[in-house]
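What follows is one structure encoded as structure tokens, with my remarks underneath.
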Amino acid sequence: MTSSTFFPWVALSLLIFNTALANSPLPAKSETPYEQATSWPDRIIATATENPAKNISLTWRTNSITDSTYGQIVAANSDARYDIHANTVKAITNTASLKQGRNHQGEFKYPANDKFPDVNYHAITFKNLSPDTLYNYRVSGAEGKWSPWQQIKTTSLQANKDVEFLYFGDAQNGIYSHWPMVLRRAWKNAANAEFAIYAGDLVNEGANDKQWSNWLNAGRFIHGMLPAVLVAGNHEYDWQIHTNKGINTRAC
């Protein structure tokens, strides 16, 4: 077959293929698990602070009736009962509706979350810590319900030193099926990373709590020990249906 006869056949094949794709139904979204909030702490994530050498910030979730929670922290050491010397700090608690909210454009609803009850989010910042030090910490839900102990390290005060960190962009799709492997593999190959940057479009529909459940559960132990810098992308504002003045708009 000469080149003069080959290329028309390729073009025709591509046309037939693309036409078939255009007429094919879109694949159905895969079903993924969802864990509703309980009186036990979950979705624990460390977030970056202004002074990471001396402060560590954490947030976590419980059900809406668990409104008094705490965090404990202690410098890591070889003592089997290091927990006896832990410092206890009360967390700040806010109740969040997963079904509706309000922003500068007015009230809006989250149809994807219609079946989900309100939840409580808890936040704490451990302050006046020692730089370049490994700490053990845990957080609570209802009385007596503590998370497992986890470890996290404050940064060094040394000037002009190299800093290793992880950078991710657009997790967004496949956050249940593919994202966990990417996240864990990256962490394994950068074990000395001091923080991680997640640069926008962490999920596909920013109000969809099921997608956030998938994203946060993908790296439970990583999020608890590697401070996260979370950057909002346009999809973090997606699926906000505004009900003020009867106008329905999709933010982007």
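Positions are given from 1, in the same order as the sequence printed here.
- Between Trp60 and the options Ile124, Ile45, Asp42, a side-chain contact (heavy atoms from CB on, under 4.5 Å) holds for only Ile124.
- Phe221 is connected to Leu216 through a chain of hydrophobic side-chain contacts under 4.5 Å among Ile, Leu, Val, Met, Phe, Trp and Tyr, so both are in one cluster.
- In the hydrophobic clustering of this structure, Val163 groups with Ile197; members are Ile, Leu, Val, Met, Phe, Trp, Tyr whose side-chain heavy atoms approach within less than 4.5 Å, directly or through other members.
- Under the 30°/60° scheme for interplanar angles, the aromatic rings of Phe168 and Trp179 are found to stand perpendicular.
- Taken from CG in Asn94 to OG in Ser64, the straight-line distance is 13.0 Å, to the nearest 0.5 Å.
- Side-chain contact between Thr62 and His122 is present, with at least one heavy-atom pair separated by less than 4.5 Å.
- In this structure, CG on Asn87 lies 13.0 Å from NZ on Lys127, to the nearest 0.5 angstrom.
- Summarising the geometry, atom CG belonging to Leu129 is positioned 6.5 Å from atom OG1 belonging to Thr154; distances are rounded to the nearest 0.5 Å.
- Within 6.0 Å of atom CZ in Phe195, more than 12 heavy atoms from other residues, nucleotides or ligands are found, so the atom counts as buried in its surroundings.
- Residues Ile44 and Val139 are in side-chain contact: their nearest non-hydrogen atoms beyond the backbone lie under 4.5 Å apart.
- Hydrophobic cluster membership for Tyr70: Trp146 (Ile, Leu, Val, Met, Phe, Trp, Tyr linked by side-chain heavy atoms under 4.5 Å, directly or transitively).
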Test side chain to side chain donor-acceptor pair (under 3.5 Å) applied to Asn63 and Thr38, step by step: CA-CA 5 Å; Asn63 58 22; Thr38 70; 5.8 Å; no
Audit row: Gln172, Leu202, side chain to side chain contact (heavy atoms under 4.5 Å, CB included) steps and yes/no: CA-CA 5 Å; Gln172 191 170 348; Leu202 284 68; over 6 Å; no
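- For the pair Thr155/Asp132, no side-chain contact is recorded, criterion being any heavy-atom separation below 4.5 Å from C-beta on.
- Ring centers of Phe108 and Tyr110: under 6.0 Å apart, within the cut-off.
- A heavy-atom distance below 4.5 Å is found between the side chains of Gln211 and Ile175.
- When hydrophobic clusters are built by joining Ile, Leu, Val, Met, Phe, Trp and Tyr residues whose side-chain heavy atoms come closer than 4.5 Å, directly or via intermediates, Val74 is not grouped with Leu58.
- Atom CG of Leu157 is surrounded by more than 12 heavy atoms from other residues, nucleotides or ligands within 6.0 Å.
- In Glu164, the CD atom is crowded: over 12 heavy atoms of neighbouring residues, nucleotides or ligands sit closer than 6.0 Å.
- Partner Asn214 forms a side chain to side chain donor-acceptor pair (under 3.5 Å) with one of Asp209, Thr32, Asn208 and no other, that one being Thr32.
- Using a 4.5 Å cut-off on side-chain heavy atoms (C-beta onward), Thr93 and Tyr121 make no contact.
- Around NZ of Lys115, the count of heavy atoms belonging to other residues, nucleotides or ligands within 6.0 Å does not exceed 12.
- For the pair Gln36/Pro117, a side-chain contact is recorded, criterion being any heavy-atom separation below 4.5 Å from C-beta on.
- Side chains of Tyr137 and Gln151 form no contact here, defined as non-hydrogen atoms less than 4.5 Å apart.
- Using a 4.5 Å heavy-atom cutoff, the side chains of Gln150 and Asn136 are not in contact.
- For the residue pair Lys90 / Ser68, a side-chain donor-acceptor distance below 3.5 Å is found, with atom types taken as modelled.
- Scanning all heavy atoms of the two residues, the minimum distance from Lys99 to Asp114 falls at CE-O, 3.1 Å.
- In this structure, the ring of Trp215 has its center less than 6.0 angstrom from the ring center of His223.
- A salt bridge does not link Lys210 to Glu35: none of the charged side-chain nitrogens sits closer than 4.0 Å to a carboxylate oxygen.
- Among residues two or more places apart in sequence or in another chain, the side chain to side chain donor-acceptor pair (under 3.5 Å) test is passed with Thr125 by Ser57.
- Listed by chain and number, the residues in a ring pair (Phe, Tyr, Trp, His ring centres under 6.0 Å) with Tyr135 amount to none (sequence neighbours excluded).
- Centroid-to-centroid, the aromatic rings of Tyr34 and Phe116 come within less than 6.0 Å.
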